[in-house]
Amino acid sequence: MCIRDRINEEKYFLLRDGIPVTVKRPDGRTETRSAAVIDFKKPENNHFLAVKEMKIHSQLYRRRTDIVGFVNGIPLLFIELKKPTVDVQNAYIDNYRNYLDTIPQLFYYNAFLMLSNGLEAKVGTLGSKYEFFHEWKRLRETDSGSVALETMLMGICKKENLLDLFENFILFDHYDTPAAKILARNHQYLGVNDAVEAYKDREIRNGRLGVFWHTQGSGKSYSMVFLAEKIRRKFAGSPTFLVLTDREELDKQISETFESCGCLAGVPAERCRATSGKDLIEKLKGNPSYVFSLIQKFNQDDVEEIRPDHDIVILSDEAHRSNNGICAENMMRLLPTASRIGFTGTPIL
């Protein structure tokens with residue numbers, strides 16, 4: 001990982017979680033507290049500023065950027081604009097990559113990179129290749145969709161959206177080196193927030209949180225991570241997330257995604273995977289943050305119900321298969337108070 005990307009990752013967690021500071025108590029002892037840089041609960045308490053044609057000097061170069069967006073003085077947003085007759089990719093090749101080399105300090109804190117010619121717009125993250133920049137077509141699931149810059153600005157730069165995306169929809173996946181900085185795609189952002197709203201109403205919904213439909217290769221595992229981590233971050237209590245699938249390779253892949261994104265607090269993914277039906281039950285009797293299992297491990301129909309004081313949230317991958325049959329019925333009997341959401345790429349009723 002280059003030094004610029006490493007600094008960016010370090011700064012991100014300080015900005016999101018707060019900066020540790022040592023304070024002196026009245027009795028003379030010292031303690032460490034967290035100084036918040038951004039108020040995520042009340043977006044209006046923050047200062048937002050967009051600067052056009054800002055000149056930036058490095059030791060050797062001077063550059064003038066199109067638009068830089070600041071939150072509380074921190075440059076989180078970079079926008080490069082081209083004429084409508086110029087391909088958007090030129091903004092990446094001719095301008096953005098040049099700025100990375102000549103004024104790298106601009107990107108130490110960056111969260112969002114936007115490239116547009118007005119007619120088309122793409123958004124990505126530091127370190128991403130151009131093919132991983134994506135469009136932001138919709139403000140709501142029911143919208144017909146538009147790739148124009150206006151839609152992206154309204155969807156991402158609305159103050160509460162910008163802070164929500166920054167706090168809850170950025171990941172650093174360390175599965176490979178260097179780490180990949182992941183920003184949720186438009187469908188993930190909308191879908192996860194709909195699921196979070198369903199979780200708020202889980203009691204009146206009798207635990208039925210719905211189905212999260214994904215096309216193949218559209219980031220289903222990351223959507224699970226975004227959803228689980230946002231619930232853990234924004235709601236009181238300490239829920240256990242049970243992530244189910246029906247194939248060993250998927251079980252391994254999903255659990256390793258959670259591990260490489262830093263969700264398992266340093267615990268190896270294999271220790272969070274149920275090795276048998278008995279092991280699964282023992283894990284669920286505790287209060288681990290995450291348990292990963294095959295649906296087939298709910299193979300006992302004569303076990304005592306588990307009704308913990310904390311929430312259990314079941315994320316069923318390949319839900320058109322894993323949420324049906326005898327094993328699924330056993331799961332419902334074992335965990336009658338659990339909330340459930342299905343993930344699938346296959347249309348189901």
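Positions are given from 1 along the sequence. Excluded from the calculations below are hydrogen atoms, water molecules and symmetry mates; all remaining heavy atoms, backbone and side chain alike, are included. Since the model is a prediction, treat every value here as computed from it, not as a measurement.
A salt bridge links Lys158 to Glu160: at least one charged side-chain nitrogen sits closer than 4.0 Å to a carboxylate oxygen. Using a 4.0 Å cut-off between charged side-chain N and carboxylate O, Asp5 and Lys181 make no salt bridge. A salt bridge links Arg33 with Glu31: at least one charged nitrogen is closer than 4.0 Å to a carboxylate oxygen. Salt bridge status for Asp279 with Arg273: absent, with no side-chain N to carboxylate O gap under 4.0 Å.
For the residue pair Asp251/Thr245, the side-chain donor-acceptor check at 3.5 Å is not satisfied.
Within the 6.0 Å centre-distance limit, the rings of Phe258 and Phe292 are counted as a close aromatic pair. Ring centers of Tyr96 and Tyr130: at least 6.0 Å apart, outside the cut-off.
At a threshold of 4.5 Å between non-hydrogen side-chain atoms, the residues Thr257 and Val225 count as touching. Glu270 has its side chain out of reach of Glu259: every pair of non-hydrogen atoms, C-beta onward, lies at least 4.5 Å apart. Taking the side chain as every heavy atom from C-beta outward, Leu315 and Ile341 approach each other to under 4.5 Å. Looking only at side-chain heavy atoms (C-beta outward), Glu135 and Glu120 come within less than 4.5 Å of each other. Using a 4.5 Å heavy-atom cutoff, the side chains of Thr344 and Phe212 are not in contact. Between Phe298 and Leu244 the shortest side-chain heavy-atom distance falls below 4.5 Å. Side-chain contact between Phe235 and Lys230: absent, with no pair of heavy atoms (C-beta onward) separated by less than 4.5 Å. Looking at Leu227 and Phe343, their side chains come closer than 4.5 Å, going by heavy atoms from C-beta outward.
Between Lys234 and the options Glu167, Glu197, Glu229, a salt bridge (charged side-chain N to carboxylate O under 4.0 Å, His left out) holds for only Glu167. The salt bridge (charged side-chain N to carboxylate O under 4.0 Å, His left out) test with Lys252 singles out one residue from Glu248, Glu249, Glu256, and that residue is Glu256. Between Val71 and the choices Leu15, Val37, Leu49, Leu76, the side-chain contact (heavy atoms from CB on, under 4.5 Å) rule is met once, by Leu76.
A cation-pi arrangement is not found for Arg16 relative to Phe13, the charged atom failing to lie both closer than 6.0 Å to the ring centre and inside a 45° cone about the ring normal.
Atom CG in Leu171 sits 7.0 Å away from atom SG in Cys263 (nearest 0.5 Å). Cys261 contributes atom SG, which lies 7.0 Å from atom CD1 of Ile182 (distance to the nearest 0.5 angstrom).
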* **Derivation of the side chain to side chain contact (heavy atoms under 4.5 Å, CB included) call for Glu305 and Leu334** => CA-CA 5 Å; Glu305 292 181 348; Leu334 179 68; 6.0 Å; no

* Take Ile306 and Lys285 through the test side chain to side chain contact (heavy atoms under 4.5 Å, CB included) and record every step on the way to the result. => CA-CA 7 Å; Ile306 298 176; Lys285 286 181 177 178; 4.0 Å; yes

* CA sep, side-chain torsions, deciding dist, call: Phe172, Asn8, side chain to side chain contact (heavy atoms under 4.5 Å, CB included) -> CA-CA 10 Å; Phe172 288 86; Asn8 182 270; 3.9 Å; yes

* Might you work through the side chain to side chain contact (heavy atoms under 4.5 Å, CB included) test for Ile170 and Thr125, ending with a clear yes or no? => CA-CA 9 Å; Ile170 290 177; Thr125 58; 5.7 Å; no

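Applying the salt bridge (Lys or Arg N to Asp or Glu O under 4.0 Å) test to Asp143 and every residue at least two apart in sequence or in another chain returns Arg140.
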Name the atoms and distances for all side-chain donor-acceptor pairs under 3.5 Å in residues 78-89, with sequence neighbours left out.
unit_1: Glu80; atom_1: OE2; unit_2: Asn95; atom_2: ND2; d: 3.4
unit_1: Lys82; atom_1: NZ; unit_2: Asn95; atom_2: OD1; d: 2.9
unit_1: Asp87; atom_1: OD1; unit_2: Gln89; atom_2: N; d: 2.8

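For residues 133-159, every residue pair satisfying the ring pair (Phe, Tyr, Trp, His ring centres under 6.0 Å) rule, not counting sequence neighbours, is listed here: Tyr92-Phe133, Trp136-Tyr189.
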